There are 4 protein chains.
Amino acid sequence: MQETTSEPEQAQPEAGLRDRKKEAKRAAIIAAAQAEFIAHGFAEARLARVAAQAGVAKGTLYLYFDSKEALFDAVLRGALPLIFAPPVAPDPGTPPQVAFRRRLRAAIADMQASGRDKLALIVLSESAQFPGLARIYLEAILEPLFELVRDYARSSGVARLEPLTRYPQLLLAPMLAATMWNRLMTERPPLDLPEMLETHLTLVLGPPEGEPAGVTG
Amino acid sequence: MQETTSEPEQAQPEAGLRDRKKEAKRAAIIAAAQAEFIAHGFAEARLARVAAQAGVAKGTLYLYFDSKEALFDAVLRGALPLIFAPPVAPDPGTPPQVAFRRRLRAAIADMQASGRDKLALIVLSESAQFPGLARIYLEAILEPLFELVRDYARSSGVARLEPLTRYPQLLLAPMLAATMWNRLMTERPPLDLPEMLETHLTLVLGPPEGEPAGVTG
Amino acid sequence: MQETTSEPEQAQPEAGLRDRKKEAKRAAIIAAAQAEFIAHGFAEARLARVAAQAGVAKGTLYLYFDSKEALFDAVLRGALPLIFAPPVAPDPGTPPQVAFRRRLRAAIADMQASGRDKLALIVLSESAQFPGLARIYLEAILEPLFELVRDYARSSGVARLEPLTRYPQLLLAPMLAATMWNRLMTERPPLDLPEMLETHLTLVLGPPEGEPAGVTG
Amino acid sequence: MQETTSEPEQAQPEAGLRDRKKEAKRAAIIAAAQAEFIAHGFAEARLARVAAQAGVAKGTLYLYFDSKEALFDAVLRGALPLIFAPPVAPDPGTPPQVAFRRRLRAAIADMQASGRDKLALIVLSESAQFPGLARIYLEAILEPLFELVRDYARSSGVARLEPLTRYPQLLLAPMLAATMWNRLMTERPPLDLPEMLETHLTLVLGPPEGEPAGVTG
DNA sequence: CATGAATGAGGCTTCATTCAT
DNA sequence: TATGAATGAAGCCTCATTCAT
């Protein structure tokens with residue numbers, strides 16, 4: 001139990017090193033798999049490509065994951081925590097509407113940048129094969145967003161917005177639709193997601209206030 | 001009904017009969033394939049099941065379609081014309097807003113009832129494999145709807161709605177989202193699509209007028 | 001029901017031809033598999049070799065059998081009926097002891113010649129993997145033999161043989177042992193199975209009577 | 001317990017300790033392997049399970065054995081010496097027939113208790129893969145038993161038993177058969193091996209004498 | 001035109017064996 | 001000496017596609 005002096009902590013750091021390496025490899029595999037699933041969907045994803053991309057042998061995948069499905073599962077779960085980590089500290093002082101809009105913008109940008117929107121699509125279309133997963137995944141993604149919307153609609157005190165507490169989807173749907181659009185309509189100029197979002201929010205919620213203010217006002 | 005005499009005398013009716021039979025079989029195959037693709041997605045669809053369902057041998061599929069992809073293509077194209085057949089005659093005399101809302105309602109109901117919403121999902125998620133198809137399909141479905149929205153926004157003369165001429169998606173997205181929701185969240189009470197649509201339209205367009213009329217002011 | 005004359009019954013014989021071909025191929029596969037299982041045991045048996053030996057593609061095996069285990073099962077079941085088809089017609093007139101001995105001799109010779117003794121061994125040693133099969137197989141092979149022994153012991157009226165009605169195994173075990181011996185001790189001169197059997201029967205049952213009579217003349 | 005000083009001073013006792021430790025580990029591996037082979041046969045045996053059971057890492061196995069086959073070989077050879085260690089001191093004074101029967105009984109009981117009967121089965125069925133081994137193993141087990149039988153048959157002076165000097169198998173086969181039977185027919189009441197053996201010996205050799213005495217004689 | 005048996009490339013997965021630590 | 005992560009050959013099996021009938 002005593003501390004080793006010169007060559008400190010033999011077991012601990014060595015195991016730590018091992019574990020760190022394992023964890024790094026695990027992460028590499030998940031990253032490679034995520035790219036593969038995003039590029040080809042579940043059924044057409046090839047574990048050989050995942051292994052090659054991750055720089056390991058095919059068999060090595062099975063040291064970390066029991067099966068292709070388990071790997072898919074891990075990719076999804078791995079993506080989950082990233083989805084709604086508050087992107088910027090809540091910054092007290094900003095009016096709620098501004099914070100709300102920032103939050104939505106960040107969520108959109110993150111989905112787009114990470115490619116997780118494509119994962120969501122895959123889960124959607126292959127939900128027949130992964131029934132439980134679809135529920136978990138979508139709940140983990142959507143429920144927090146819904147709560148965000150409901151909170152805002154309630155706290156805003158605007159009567160017109162009351163329906164959003166029942167159908168928070170209404171506010172979020174265009175983001176989903178637009179993100180799909182951009183992923184699919186690669187031959188066209190992409191939609192300007194932030195602007196479109198702003199437009200939609202203005203359409204539904206009214207013009208923004210408190211923010212740097214674009215127009216004169 | 002007459003027997004074919006071995007000499008192609010009445011080429012017309014005989015060929016017509018043949019063609020009708022061929023066409024019927026072709027239709028049966030497409031119907032079976034549509035069900036299969038909807039139920040399992042593209043990759044997991046099995047031609048053996050399609051053939052069995054259509055009541056033909058597996059080899060027979062190849063007399064009508066070159067490949068699994070060609071069959072998928074045919075299914076999609078077969079579904080297209082149905083999507084926007086005007087469901088009810090335009091019925092002159094109804095105010096444009098009412099007609100517009102009816103049209104949207106009909107489109108939604110049709111998508112839902114036919115299962116074509118699932119087809120759309122499949123195209124979405126497997127668009128990497130079917131790049132051209134995705135474009136064609138979505139354009140055929142969405143463009144007419146967009147045009148409908150743009151027309152309405154323009155002709156309404158309401159300034160607030162001007163953004164819809166640039167982003168007609170904003171009005172349609174909730175329908176897409178809701179249809180996906182209901183397809184996936186089978187464990188929960190389904191969203192009431194018509195009501196949700198109405199809510200959304202009211203939220204964006206304002207309360208309906210000319211129709212039975214809900215609130216007053 | 002009528003006899004086929006020149007070219008009658010189109011469906012029947014054509015289907016018959018197809019079926020006959022399928023049946024022939026099925027038989028060829030089973031034969032090839034039996035040889036393979038006998039040569040290498042279950043786990044080391046290679047379906048590639050079975051297919052090659054049977055003159056079919058690997059995938060073809062799966063048109064006839066669901067899995068390697070199912071093929072093994074079929075091999076065993078296919079071997080069963082052969083095991084105790086009465087080799088010669090019972091020939092009334094021969095005294096029961098003679099008939100009994102003949103029967104045993106034939107059973108031994110048949111097991112040896114067909115290689116089914118090796119199959120039995122495989123079932124034995126891999127019974128952990130095929131629990132039900134072991135029971136079925138051994139019952140199908142052994143129970144009839146046991147019954148034969150019991151019948152004889154009872155009908156002989158010899159008091160000394162009474163234990164055989166309880167332990168018919170005692171009379172048959174040497175045949176099992178000897179057949180194993182010859183299969184394993186390939187480097188030694190093989191046991192003369194018939195003679196050994198005769199010796200054993202004489203040892204237990206007493207000298208044969210009624211048969212051509214051996215030495216003296 | 002003393003620290004190794006880096007200079008190999010007391011090579012003898014230290015090495016002895018080391019050797020003992022190594023030997024213990026080696027024994028643990030063999031024991032684990034024997035259990036594994038008995039439970040699953042050779043092909044289905046998993047070195048991972050052996051290592052886990054022995055409490056060592058998988059790689060460690062290869063410090064002691066070159067390959068899975070070498071380990072199997074070691075298991076068999078390790079089991080050999082146990083098979084015919086005279087279970088009770090020959091005890092002079094008992095009549096030969098009694099000693100003989102006791103010996104057989106002990107051999108049977110030992111095979112059963114140790115699970116080595118299953119090992120024998122495995123060797124039998126996989127003899128194609130281990131040709132040399134099969135011979136060695138079976139000779140080591142059977143030859144001593146055969147000699148026992150031959151000795152007895154000769155020394156008994158009973159003419160009827162003369163065939164046993166040529167076919168000692170005849171006396172032993174039921175034990176082999178019965179041991180197999182009990183291993184396989186786990187769903188049925190097991191054969192009472194000692195009683196069956198006694199029955200067989202009585203059937204072939206005549207009623208026992210000198211022992212507690214059943215009949216008078 | 002229709003059939004359905006046959007094909008065979010290629011996917012996922014296993015596991016004895018190796019090797020850097 | 002011991003570890004256990006990594007390897008990669010090889011097996012079983014699937015299924016879109018072909019072709020003789």
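The sequence lines fix the lettering, A, B, ..., with proteins before strands; numbering per chain opens at 1. For clarity, every value in this text was computed on a predicted model and none was experimentally measured.
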In the 5'-to-3' direction, what one-character label does each nucleotide of nucleotides 12-18 of chain E receive under the scheme B = base within less than 4.0 Å of a protein heavy atom, S = sugar-phosphate only, - = no such atom? SBBSSBB

With side chains defined as the heavy atoms from C-beta onward, is the minimum distance between [X] and [Y] less than 4.5 Å?
X	Y	value
D/Tyr64	D/Ile30	no
C/Leu47	C/Leu71	yes
C/Glu36	C/Arg46	yes
D/Glu69	D/Asp73	no
C/Asp66	C/Tyr62	no
C/Ile29	C/Phe65	yes
A/Lys25	A/Lys21	no

Tell me whether the side-chain N/O atoms of C/Tyr64 come closer than 4.0 Å to OP1 or OP2 in E/dA6. yes

Can a side chain N or O of A/Lys25 be found less than 4.0 Å away from OP1 or OP2 on F/dA6? yes

How long is the line joining [atom1] of [X] and [atom2] of [N], in whole Å?
X	N	atom1	atom2	answer
A/His40	E/dG11	NE2	P	11 Å
C/Leu71	F/dC12	CG	C1'	12 Å
C/Lys22	E/dA5	NZ	C1'	7 Å
C/Glu23	E/dA5	CD	P	12 Å
D/Arg26	F/dT1	CZ	C1'	15 Å
B/Leu61	E/dA2	CG	P	11 Å
A/Arg49	E/dG10	CZ	P	12 Å

Please determine if B/Lys68 forms a cation-pi arrangement with B/Phe37, meaning its NZ or CZ atom is less than 6.0 Å from the six-membered ring centre and no more than 45° off the ring axis. no

Counting side-chain heavy atoms from CB outward, which of E/dT7, F/dT1, E/dT21 is closest to C/Val56? E/dT7

When you look for runs of 3 or more Watson-Crick or G-U pairs in a row, both distances below 3.5 Å, which of them include DNA chain E? E:2-21 with F:2-21

Indicate, with a heavy-atom threshold strictly under 4.0 Å, whether D/Phe65 touches base, sugar-phosphate, or nothing. nothing

How many angstroms lie between CG in A/Leu76 and CZ in A/Phe42, if you round to the nearest 0.5 Å? 10.0 Å

